[in-house]
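These notes concern the structure reproduced below.
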Amino acid sequence: MRTIGHFIDGVETTGNSAEFQDVFNPATGEVQARLALATEADLEAAVASAAAAQPKWAATNPQRRARVFFNFVALINRDMQELAELLSIEHGKTVDDSKGDIVRGLEVAEFVAGAPHLLKGEFTDGAGPSIDMYSMRQPVGIGAGITPFNFPAMIPLWMLSPAIAAGNAFILKPSERDPSVPVKLAQLAIEAGLPKGILNVVHGGKAVVDGILHHPKIEAISFVGSTPIARYVYATAAGEGKRVQAFGGAKNHMIIMPDADMDKAADALMGAGFGSAGERCMAVSVAVPVGAETADRIVAALKPRIDALKVGPASDKASEMGPVITKAAKERINGLVEKGVAQGATLAVDGRGFSLQGYENGYFVGPTLFDHVTADMDIYQEEIFGPVLSVVRTNSYEEALKLTMDNPYGNGTAIFTRDGDAARDFAARVNVGMVGINVPVPVPLAYHSFGGWKASSFGDLNQHGTDGIKFWTKTKTVTARWPSGIKDGAEFQMPTMK
Ligand code: NAD
């Protein structure tokens, strides 16, 4: 059986690991590899390698650092098919969807190839008599990223690209469910010319995460995962005086106005609700039609589409939706569906008891549509993270907006309408970080920043875009005066611009 090792000091290694964890193929339920779990000594080795390599990398001029990213992007493109297949076999999503996962990360690697420009500071000529003032962006030192299972390429690339381009060394702790692609990315980075030690990967769960959170040499931590862990990571790392950004879970609402094109809205809900089996932090899990007629029309448009959805393994090119990640996730989702029924929601499409011939042990969940869901039900309150779409009927735009705003999460939201006034009002007032207008999954492109509000995000700088550069750098401001500009005599008052 294949063993997946850490990636430390430029090589894949099982290091000091004595414990291993199974990595499954979610389509079959079979164990396909074993993953080495990092010990304290493995994390120390990764930090030592990072600490040894970082000063020289930081001193390498940004244009040379950027060139590594040009090569890195080319190598990822060269190996796209192989990476996507590897990703699909561990995650379960379709190969095309895996390519999307890789490409949305790759775009951040492309963005940071502009590092020489992105890292430029500011300069004021003549801030005072003979005084010049300038600021520069310097790397934080060693950064770490802790990432979720649902985007095993995109999210590591969101973090490691700006961190490394800015001159940091980086330690990645990917999800233990689908760890192979992150290791491959580290190998490709070395092939692209990245010095060993600048990108290390260690595997494991809470123990290694805690080691990272408390490590005195790790200066900044980026986390993406569920809200309870995001909150814990934020509080613990901030308590250690580290810079930290932690992104959590979501419950994304899509409002459908009476004037929307119902076919287009239904198509959008299909992709956003059932793509990647609903395991996206930007998935739409709550459809909010305005008015009873809109609700009836959208439910009627969704039903045949859900019935026609092709559920299957990634190895079948015809599949549109794969399995969920683990047996435990499947059981949890099925349990929530039963709760929805028990609490009085209407099962408009019943996905229960779904089974796929030849894949009976896979973690497939039948796509499910609930109508007449209310805000007090568990299926509304919990992030289901599976192929279950809830319809919450509302009587007015204001009621739909209030529902969205009262939800504790604030990652993404969307409105489908032809009414520019309603769309503009929604974008201005809603308390959610990423808003789509006739765009169901409004994930910003690499040169803008990604981040939610409320319980979806802790910390104040977002992922990628200029926020990513800011997060992985510290600002230093220099005030300079040359001897010819210095007056004789001591000054005891606070210097001011008189
Ligand atoms: P998770 O919180 O279980 O795991 C995320 C990471 O934390 C993993 O690397 C895991 O090993 C580690 N971890 C797990 N338990 C831990 C513990 N007790 N202490 C310390 N570390 C621990 O999340 P997941 O199931 O891998 O991913 C799905 C979740 O991530 C969903 O809630 C989804 O909404 C969220 N997510 C959010 C975003 C976003 O940008 N807001 C993006 C993707 C996923």
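Every number for a ligand or one of its atoms is a count from 1 in the order of the listing.
Each of the atoms 32 (O), 34 (O) of ligand 1 lies under 4.0 Å from some heavy atom of Gly249. Close contacts between ligand 1 and Gly204 involve ligand atoms 11 (O) [criterion: under 4.0 Å to a heavy atom]. Listed by atom number, the atoms of ligand 1 under 4.0 Å from Ser226 heavy atoms are 1 (P), 2 (O), 23 (O), 29 (C), 30 (O), 32 (O). Listed by number with element, the atoms of ligand 1 under 4.0 Å from a non-hydrogen atom of Val209 are 20 (C), 21 (N). When each atom of ligand 1 is checked for a heavy atom of Ile146 under 4.0 Å away, the hits are 6 (C), 7 (O), 9 (O).
The single protein non-hydrogen atom nearest to atom 19 (N) of ligand 1 is Lys206 CG, 3.5 Å, given as residue, atom name and distance. Scanning the protein heavy atoms around atom 27 (O) of ligand 1, the nearest turns out to be Pro148 CB, 3.3 Å. With hydrogens left out, the protein atom closest to atom 40 (O) of ligand 1 is Phe450 CE2, 3.0 Å, a heavy atom. At the top of the distance list for atom 42 (C) of ligand 1, counting protein heavy atoms only, stands Cys281 SG, 2.9 Å. For atom 16 (C) of ligand 1, the closest non-hydrogen atom of the protein is Ile229 CD1, 3.6 Å. Shortest contact from atom 28 (C) of ligand 1 to any protein heavy atom: Phe385 CE2, 3.5 Å.
Between Phe7 and His203, the distance from one ring center to the other does not fall under 6.0 angstrom. Taking the six-membered ring for Trp, Phe170 and Trp472 have ring centres closer than 6.0 Å.
Lys330 forms no cation-pi arrangement with Phe354, by the criterion of a distance under 6.0 Å to the ring centre and an angle within 45° of the ring axis. Judged by the 6.0 Å and 45° rule, Arg177 forms no cation-pi pair with Phe149.
Remark: Arg393 engages Asp371 in a salt bridge, criterion side-chain N to carboxylate O under 4.0 Å. Under the 4.0 Å criterion applied to side-chain N and carboxylate O atoms, Asp22 and Arg34 are not assigned as salt-bridge partners. One finds no salt bridge joining Glu85 and Lys99 here, because no Lys/Arg side-chain nitrogen approaches an Asp/Glu carboxylate oxygen to under 4.0 Å.
Residue contacts with ligand 1: Gly248 is placed with a nitrogen or oxygen under 3.5 Å of a nitrogen or oxygen of the ligand (distance criterion only). Residue contacts with ligand 1: Gly225 is placed with a nitrogen or oxygen under 3.5 Å of a nitrogen or oxygen of the ligand (distance criterion only). In terms of N/O distances under 3.5 Å, ligand 1 is not approached by Asn150. Among the atoms of Thr147, some N or O lies under 3.5 angstrom from an N or O of ligand 1.
Contact annotation for Glu176 and ligand 1: only side-chain heavy atoms (C-beta onward) come within less than 4.0 Å of the ligand. Contact annotation: for Glu383 versus ligand 1, heavy atoms closer than 4.0 Å belong to the side chain alone. At a 4.0 Å heavy-atom cut-off, ligand 1 does not touch Val233 at all. Contacts between Phe223 and ligand 1, counted as non-hydrogen atom pairs separated by less than 4.0 Å, involve the side chain only.
Using a non-hydrogen distance threshold of 4.0 Å, Gly452 does not register as a contact of ligand 1. Using a 4.0 Å heavy-atom cutoff, Ile155 is listed among the residues neighbouring ligand 1. Residue Phe149 places a heavy atom under 4.0 Å from ligand 1.
Protein heavy atoms all stay at least 4.0 Å away from atom 4 (O) of ligand 1.
Here the side chains of Thr417 and Phe426 are not in contact, with every heavy-atom distance at 4.5 Å or above.
Within the 3.5 Å criterion, the main-chain N or O of Ser17 finds no donor-acceptor partner in the side chain of Thr39. Lys173 places a side-chain N or O within donor-acceptor distance of the main-chain N or O of Gly204, the cut-off being under 3.5 Å.
Residues passing the salt bridge (Lys or Arg N to Asp or Glu O under 4.0 Å) test with Lys196, sequence neighbours excluded: Asp9. With sequence neighbours excluded, no residue satisfies ring-ring contact (aromatic ring centres under 6.0 Å, His included) with Tyr232.
The aromatic rings of His464 and Phe450 lie tilted to each other, with the angle between the two planes from 30° to 60°.
Here the NZ atom belonging to Lys327 is positioned 7.5 Å from the OH atom belonging to Tyr363, to the nearest 0.5 angstrom.
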